[in-house]
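Take a look at the structure below.
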2 protein chains.
Amino acid sequence: MEDEIIKYISNYTEVSPELETAIRQSGMIRQYPKGHFLLEAGQISIECFFVLKGCVRRFYIKDTEERTTDFYTEMQAIPGISKGTPNEYYLECLEDIIAAVGNPELESDMFQKFPILESFSRVIGESMMTTYVEEFSEFKMASPEERYLKLLESRPDLFQRVPLNQIASYLGIKPESLSRIRKRIMK
Amino acid sequence: MEDEIIKYISNYTEVSPELETAIRQSGMIRQYPKGHFLLEAGQISIECFFVLKGCVRRFYIKDTEERTTDFYTEMQAIPGISKGTPNEYYLECLEDIIAAVGNPELESDMFQKFPILESFSRVIGESMMTTYVEEFSEFKMASPEERYLKLLESRPDLFQRVPLNQIASYLGIKPESLSRIRKRIMK
DNA sequence: CTTCTTTCTTGACTAAAGTCAAGGGTTGCT
DNA sequence: AGCAACCCTTGACTTTAGTCAAGAAAGAAG
């Protein structure tokens, strides 16, 4: 599984043999069973994750109702830095998960030994940021129906892995509305 | 104006005299008049901006209509890295602007001379990311009315600087709806 | 001050999402 | 097999946003 990470990193920057060894020995790779919570509301997040296998759901609880705001699947990073304040959200493993886990100590240690890794981190972060800003813009501009169609196109796998009521929430609507949108489109 | 940037950076990390000199001499600070476009759709973005004074609006054009998706004001960064593909959005100065402008060459030059600056960049980027993810989540979970009330609280200055129809768009609704929401709340 | 333009509000109507309640389907458990 | 839990859909009704059109209000320009 370390292979996956190294392959991913080498898409962006040269990975020296020393760095590769360090990554393999860092013990970043972890496994979690379906149903496990990587994080619960009230806790302070100190770890961040990079999903290698499986699907993780981020959700809040608003008025006793779960509100799903993100799904993280293969090759996606879960931004996990809170600024010392407790989180208000949950990270739930919807499937058995394999992930690379980072924490501040490990990171600063690795960044010091391998500055290129910090550079990589910054570049990846900027690119994620750009993607996220785009997504947010598109979400604002689109109707619920358009959002549904876009998701069908961009992440069809989600519809095989995740219940529709969580997808509805992710689209910012109620399950009944999603059901009617689907019916409307079917005709 | 360079003072502002240095002050901002030193909130996060030590700024050595050498770094301070380098920043002051880098010529990053620029001014733009109200009405100027920092970026237009179709162009490829290579610069990124940090607003020191004024308000910049980001908008798309969808079905011949302008759709505002962000306002950037004092001490906010405008993420500007596109991956070689032309942008689909505009960056318009709603007021006279003073901004720090970065470009890849200057950045990699500075990062090489002052690695701490790249570290700062990564940390700031991560924190922006976290903020942005939170905002997106809240947007998804809130009704238009709740979004309006939240914006009133979090960025009251916008209502003094920006026409309501652009704010409506920013909230993901039509100007008529915003008008009715305001009326509803007034009572 | 007058004119022109842009912005904001209102009204009447349509379309779509929210709410509440019920029923069918599936899955998983014992 | 039978029960329970969860998920998805439907129906009837309410609420709210979208649309189109018109007019009032506020700003900018001559």
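A quick note: this is a predicted structure, and the numbers were derived from the prediction, not measured. Reckoned from all heavy atoms, side chains included, excluding hydrogens, waters and symmetry mates.
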Identify all pairs in which a protein N or O lies below 3.5 Å from an N or O of nucleotides 27-30 of chain D, and state each distance.
none

Notebook entry, point to check: Expressed in angstrom and rounded to an integer, what is the separation of Ile181(B) atom CD1 from dT15(D) atom P?
Noted result: 16 Å

Margin query: Please compare Pro144(A) and Gln166(B) by the position of their nearest nucleotide in DNA chain C and report the one closer to 5'.
Written below: Gln166(B)

Next item on the list: In whole angstrom, give the distance that lies between atom CD of Glu145(B) and atom P of dA17(C).
Entry: 19 Å

Item checked: Sequence neighbours excluded - side-chain hydrogen bond (donor to acceptor under 3.5 Å, both in side chains) pairs with any residue from residues 148-164 of chain B -> Thr73(B)-Arg155(B), Glu74(B)-Arg161(B), Gln76(B)-Arg155(B), Glu95(B)-Arg161(B), Tyr148(B)-Arg182(B), Asp157(B)-Arg161(B)

Check: Rounded to the Å, how far apart are Tyr148(B) OH and dC8(C) P?
Finding: 12 Å

Notebook entry, point to check: Is it true that Lys140(A) and Glu138(A) make a salt bridge, defined as a side-chain N closer than 4.0 Å to a carboxylate O?
Noted result: no

Next item on the list: For Asp63(A) and dC20(C), give me the distance from atom CG to atom C1', rounded to whole Å.
Entry: 16 Å

Check: Nearest-Å distance, CG (Asn165(B)) to P (dA25(D))?
Finding: 19 Å

Notebook entry, point to check: Who pairs with Asn11(B) by side chain to side chain donor-acceptor pair (under 3.5 Å), at least two apart in sequence or on another chain?
Noted result: none

Next item on the list: Please report the C-alpha distance between Phe114(A) and Phe120(A) in whole Å, then the side-chain angles of each, then the deciding distance to 0.1 Å, and finally whether the ring-ring contact (aromatic ring centres under 6.0 Å, His included) criterion is met.
Entry: CA-CA 10 Å; Phe114(A) 304 98; Phe120(A) 161 77; over 10 Å; no

Next item on the list: Output the residues of residues 167-176 of chain B in contact with DNA chain D, where contact means a heavy atom of the residue under 4.0 Å from an atom of the strand; sort by number or write none.
Entry: Ile173(B), Lys174(B), Glu176(B)

Note to self: OP1 or OP2 of dT10(C) versus the side-chain N and O atoms of Arg182(B): is any pair under 4.0 Å?
What the structure shows: no

Note to self: Assess, by modelled atom type and distance only, whether the side chains of Ser169(B) and Glu66(B) contain a donor and an acceptor separated by less than 3.5 Å.
What the structure shows: no

Next item on the list: Check the side chains of Arg57(A) and Thr68(A) for a donor-acceptor pair under 3.5 angstrom, ignoring hydrogens and angles.
Entry: yes

Checklist line | Difference in axis direction between the ends of the helix from dC1(C)-dG30(D) to dG23(C)-dC8(D), five pairs, 10° | finding: 50°

Which atom pairs link the protein and nucleotides 13-15 of chain C when you take only N or O atoms and keep those under 3.5 Å?
none

Notebook entry, point to check: dG18(D) phosphate, OP1 or OP2: any side-chain N/O from Ser177(B) under 4.0 angstrom?
Noted result: yes

Item checked: Nucleotide nearest Leu164(B) when distance is taken to its side chain, options dC8(C), dA16(C), dC7(D) -> dC8(C)

